[in-house]
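Remarks on the structure that follows.
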Amino acid sequence: MDNALKYSRAAVILKLRFAAPWVEITVTDYGAGIPETLRHKVFESFYSTRNGDSGEGGTGLGLTVAAGIIHAHQGHIDMLPATAPDAPFGVRIRLPAVPEEQA
């Protein structure tokens, strides 16, 4: 959410949806997005699409840490496919609706 709010040129959309057996959280924004050719790298530690020398870049740990936490809770995180060059960029998080130990 922080990056979506920071870099979006327009609205940031947060959707919560129950799709048994998952709770799905989707964050979409109208920022620069991530090119299809680089999307496979964004969950790697210290990878950032921003230029760190300009002071605008991050450490490249945000999505790595988020993915680790989500996976620890038996969830999944992925990026939504781009539908057009000016389409919103999105990330989808899916978490079990009922924790595994309670199922």
(request) Could I get the full list of salt bridge (charged side-chain N to carboxylate O under 4.0 Å, His left out) partners for E44, not counting sequence neighbours? (result) none

(request) Using the test ring-ring contact (aromatic ring centres under 6.0 Å, His included), find all partners of H76 that sit at least two apart in sequence or belong to another chain. (result) W22

(request) Check the hydrophobic clustering (I, L, V, M, F, W, Y; side-chain heavy atoms under 4.5 Å; chains of links allowed) and say if V65 and F46 are grouped together. (result) yes

(request) Given side chain to side chain contact (heavy atoms under 4.5 Å, CB included), test I77 with V91 step by step and report yes or no. (result) CA-CA 7 Å; I77 182 171; V91 175; 3.6 Å; yes

(request) Is it possible for you to say whether M79 and L14 belong to one hydrophobic cluster, with membership spreading through side-chain heavy-atom contacts below 4.5 Å? (result) yes

(message) As an exercise, state the distance from CZ of R92 to OG1 of T28, rounded to the nearest 0.5 Å.
(response) 12.0 Å

(message) Nearest 0.5 Å, please: how far is NZ in K15 from CD1 in I25?
(response) 14.0 Å

(request) Check the hydrophobic clustering (I, L, V, M, F, W, Y; side-chain heavy atoms under 4.5 Å; chains of links allowed) and say if L16 and I70 are grouped together. (result) yes

